[in-house]
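To start, the structure under review is shown below, and the notes come after it.
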Amino acid sequence: MSRWQEPQAIAELAREITVVRRPNPIAALYHWRYEIGALVVLPYALISLFQAVGPIWGAVVLFGVANWLFYWRSARRFVRDRLRSIVVQHRLRTGFARTRVCTLDGKLPVILWTKPRGDEVEVTVFCPAGVGYERIEQRRALLAAACFASDVHVYRHHKRANVVHLSVCTARLRKEAEEGDVRPGLPPARRYAGQTDGGAIPLPAPFAGIPRAARR
């Protein structure tokens, strides 16, 4: 090992043995926003429903909604895709921690935005100082395994080096395996068509400015 490679090797060793930091309270609330919203909104909605129409009609309404979700394919797909996006967010955070996609002091990237598109989940990640596209690209296979996905494509942001886009392919490999056509390379999401890994992708409009909570 040359003396020029020693600092990188020492930094890599320090990153591997560092203790991952817990997120600050604001970031933790943002991570669990869907679960917190469900715990607050669902009980309130059920209590309001039973108080308004009574227990019998309330049960009838709930049965009708459940039946509607079960038989309406679009509604069922909508709920499934949103739940899958939530799972991917949590699995990605776990993957970042386990694969040491973090700074030398243990700070993890912040997931800003996710959106399901077919068999993919698009994820926008804000990287703290010390983490960038290269680090995530090196760990893409392990991140795919953490997300129960077939592949993860990583793309740069067209303006900000600290913002990285991920396309998590969640079901395409299983479908092709059932059809007897398994290929080692999986195409990315439609939004990234024509882009190679590492290409520049614009940031979604709601996150053109990085939230203050993500900078902490």
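Pro23 is linked by a side chain to side chain contact (heavy atoms under 4.5 Å, CB included) to Ala27, Ala28, His31, counting only residues two or more places apart in sequence or in another chain. Contacts of Arg82 classified as side chain to side chain contact (heavy atoms under 4.5 Å, CB included), with partners at least two apart in sequence or in another chain: Phe78, Pro116. Every side chain to side chain donor-acceptor pair (under 3.5 Å) that Thr114 has, sequence neighbours left out, goes to Gln89.
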Give the table of side-chain donor-acceptor pairs shorter than 3.5 Å for residues 60-74, with sequence neighbours excluded, one pair per line with atom names and distance.
none

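Listed here is the closest heavy atom pair of Leu108 and Arg93: CD1-O, 4.3 Å. Nearest heavy atoms, Ala38 versus Pro43: O-CD, 3.5 Å. For the residue pair Ala146 and Arg91, the shortest heavy atom distance occurs at O-NE, 2.6 Å. Minimum interatomic distance between Glu137 and Val154 (heavy atoms only, all atoms of both residues): OE1-CB, 3.5 Å. Nearest heavy-atom pair, Pro128 versus Thr103, reported as atom, atom and distance to 0.1 Å: CG-CG2, 3.7 Å. For Arg139 against Thr99, the heavy-atom pair with the smallest separation is NE-O, 3.1 Å.
Residues in residues 34-62 take part in these side-chain hydrogen bond (donor to acceptor under 3.5 Å, both in side chains) pairs, two or more places apart or across chains: Glu35-His90. The salt bridge (Lys or Arg N to Asp or Glu O under 4.0 Å) pairs that include a residue from residues 21-33 are Arg21-Asp105, where partners are two or more places apart or lie in different chains.
The line from CG of Leu42 to CD1 of Ile47 is 11.0 Å long, rounded to the nearest 0.5 Å. Here the SG atom belonging to Cys127 is positioned 12.0 Å from the NE2 atom belonging to His157, to the nearest 0.5 angstrom. The CD1 atom of Ile56 sits 11.0 Å away from the CZ atom of Phe50 when rounded to the nearest 0.5 Å. Taking CD from Glu122 and OH from Tyr155, the interatomic distance works out to 9.5 Å, rounded to the nearest 0.5 Å. Of the inter-residue distances, the one linking Leu92 atom CG with Ile111 atom CD1 reads 4.5 Å to the nearest 0.5 angstrom. Here the CG atom belonging to Leu143 is positioned 11.0 Å from the CG atom belonging to Asp151, to the nearest 0.5 angstrom.
For the pair Arg135 (side chain) and Val101 (backbone), a donor-acceptor distance under 3.5 Å is absent.
Note: the hydrophobic cluster containing Tyr30 does not contain Ile36 (ILVMFWY, side chain heavy atoms under 4.5 Å, direct or indirect links). Hydrophobic clustering of Ile, Leu, Val, Met, Phe, Trp and Tyr side chains at less than 4.5 Å, counting indirect connections, keeps Leu142 apart from Ile136. Under a hydrophobic clustering in which Ile, Leu, Val, Met, Phe, Trp and Tyr are joined whenever their side-chain heavy atoms come within less than 4.5 Å, directly or via other members, Phe148 and Val88 fall into different clusters.
Taking 4.5 Å as the limit, some side-chain heavy atom of Glu120 sits within range of a side-chain heavy atom of Cys169. Using a 4.5 Å heavy-atom threshold, the side chains of His153 and Arg140 count as touching.
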